[in-house]
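See below for the structure under consideration.
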Amino acid sequence: MTARSPAKPRGRKRPAPTFASRVCALVRRIPRGRAISYGGVAAILGSPRAARGVGTALSGVEPDRDVPWWRVINRNGEISIKGDPILAGLQRRLLEKERVKFDRRGRVDWESFGWRGPSGPK
DNA sequence: AAGGTGACTGGCG
DNA sequence: TCGCCAGCCACCT
C-alpha cells in the first residue's frame with residue numbers, strides 16, 4: 001500500500017450534495033409515528049447550528065415528494081410553520097394520522113414520540 | 001457577490 | 001413557563 005497513487009485515484013469528483021438534499025435523505029428515514037426537531041436534524045447532519053437551514057430546506061420540499069417533512073417540528077414539540085395556517089393544520093393532521101399525540105397546548109411529547117436518529121434507540 | 005429572509009435556538013428576565 | 005432577543009445558517013435575489 002505504499003504504492004498508493006499520490007494523485008486522487010478516485011474517479012471524478014462528485015458534486016457535493018446540497019445541504020437540502022442531505023436533510024431530505026435523513027428526514028426520509030424518520031420512522032412513522034415519530035418526530036424530531038429542526039435542531040435535531042441539523043445536529044445529526046453534523047451542523048448543530050443549522051436548525052434554521054433545516055427549516056429553509058424543508059420549506060422547499062415539494063408536496064408530492066416522498067419526504068415526510070411533517071415529522072420535523074420545533075424544539076418545544078410544536079408545529080412551527082408560520083404564515084400558512086392551512087399547511088400548519090395539514091402537518092398536525094398528518095402527524096395525528098400516524099398516532100402522534102398533541103397535548104392541550106398543542107405540543108408533542110419527546111419522551112413518547114421523539115426520534116433520536118439512525119444510530120439512536122428505536 | 002453582498003444583503004435580506006425565515007418551517008430555529010439558547011439564554012435571560 | 002413565557003416572551004423577547006441576538007446569534008447562526010442555508011437560500012434567494
Side-chain angles (χ1 to χ4, degrees):
Chain A
M1 346 257 250
T2 58
R4 253 205 167 338
S5 307
K8 19 179 61 177
R10 218 31 57 210
R12 79 187 66 282
K13 188 173 13 170
R14 187 182 329 260
T18 64
F19 183 75
S21 71
R22 296 200 300 136
V23 168
C24 288
L26 177 62
V27 170
R28 250 190 293 264
R29 309 181 52 173
I30 305 175
R32 232 177 94 77
R34 291 333 231 10
I36 186 174
S37 69
Y38 296 89
V41 170
I44 292 173
L45 291 180
S47 306
R49 295 176 231 162
R52 248 181 141 142
V54 173
T56 299
L58 291 182
S59 70
V61 173
E62 290 161 55
D64 55 318
R65 192 88 190 160
D66 67 7
V67 176
W69 55 270
W70 59 89
R71 311 218 260 238
V72 184
I73 56 189
N74 72 24
R75 67 171 163 184
N76 298 317
E78 311 166 309
I79 300 298
S80 199
I81 294 178
K82 297 169 185 174
D84 190 342
I86 310 296
L87 188 58
L90 171 63
Q91 178 169 23
R92 174 157 178 163
R93 290 198 313 280
L94 286 169
L95 282 169
E96 293 182 316
K97 181 161 49 175
E98 34 190 72
R99 332 218 94 178
V100 169
K101 306 287 174 65
F102 285 80
D103 66 18
R104 181 168 40 176
R105 279 178 291 181
R107 296 181 174 179
V108 169
D109 174 28
W110 292 122
E111 286 293 322
S112 312
F113 308 102
W115 182 58
R116 324 239 273 169
S119 58
K122 183 181 48 168

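Chain A is the first sequence line, chain B the second, and so forth, proteins listed ahead of strands; every chain is numbered from 1. When reading the values below, keep in mind they use all heavy atoms of this one structure, side chains included, and skip hydrogens, waters and symmetry mates.
- Residue A:I81 places its side chain closer to B:dA7 than to any other of B:dA7, C:dC11, B:dT9.
- Counting heavy atoms from C-beta outward, A:N74 and A:S37 have side chains that stay 4.5 Å or more apart.
- Taking atom CG on A:L45 and atom C1' on C:dC9, their separation rounds to 13 Å, with Å as the unit.
- Rounded to whole Å, the distance from CZ on A:R104 to P on C:dT1 is 12 Å.
- Within the shown strands, C:dC4 is the pairing partner of B:dG11 under the Watson-Crick or G-U definition, both distances less than 3.5 Å.
- Checking C:dC2, C:dA10, B:dA7 against the side-chain heavy atoms of A:R107 singles out C:dC2 as nearest.
- In this entry the distance linking CD1 of A:I30 with C1' of B:dA7 reads 13 Å, nearest Å.
- The side chain of A:S59 lies closest to B:dA7, out of B:dG6, B:dA7, C:dC8.
- Listed pair A:R22 / C:dA10 fails the phosphate criterion, with no side-chain N or O lying under 4.0 Å from OP1 or OP2.
- Taking the ring axis of A:F102 as reference, the NZ or CZ atom of A:R107 does not stay both within 45° of it and closer than 6.0 Å to the ring centre.
- Remark: P of C:dT1 and CD of A:E78 are 12 Å apart, rounded to the nearest angstrom.
- Summarising the geometry, the separation between CD1 on A:I79 and P on B:dC8 is reported as 12 Å, rounded to the nearest angstrom.
- In terms of heavy atoms, A:Q91 sits closest to A:W69 at CB-CZ3, 3.8 Å.
- Distances from the side chain of A:T56 to the nucleotides C:dA10, B:dA7, B:dT9 place C:dA10 closest.
- Each of C:dC2, C:dC11, B:dA7 was ranked by its minimum atom distance to the side chain of A:K82; first place goes to B:dA7.
- In terms of phosphate contacts, A:S37 brings no side-chain nitrogen or oxygen within less than 4.0 Å of OP1 or OP2 of B:dC8.
- Nearest nucleotide to the A:R52 side chain, out of B:dC8, C:dA10, C:dC11: B:dC8.
- Within 4.0 Å of A:A20, counting heavy atoms only, lie sugar-phosphate atoms of the nucleic acid but no base atom.
- The existence of a salt bridge linking A:D66 and A:R28 is confirmed by a sub-4.0 Å separation between a basic side-chain nitrogen and an acidic carboxylate oxygen.
- Contact check on A:E98 versus A:R71 returns a salt bridge, with a Lys/Arg side-chain nitrogen under 4.0 Å from an Asp/Glu carboxylate oxygen.
- Atom CZ in A:F19 sits about 16 Å away from atom P in C:dC8, given to the nearest Å.
- Closest contact between the side chain of A:A50 and the listed nucleotides C:dC11, C:dC9, B:dT9 involves C:dC9.
- Closest to the side chain of A:R49, from the set B:dA7, C:dC2, C:dC9, is C:dC9.
- Of the candidate nucleotides C:dA10, B:dC8, C:dC2, B:dC8 has the atom nearest to the side chain of A:Y38.
- One interatomic measurement links the two molecules: CH2 of A:W69 to P of B:dA7, which rounds to 13 Å at whole-angstrom precision.
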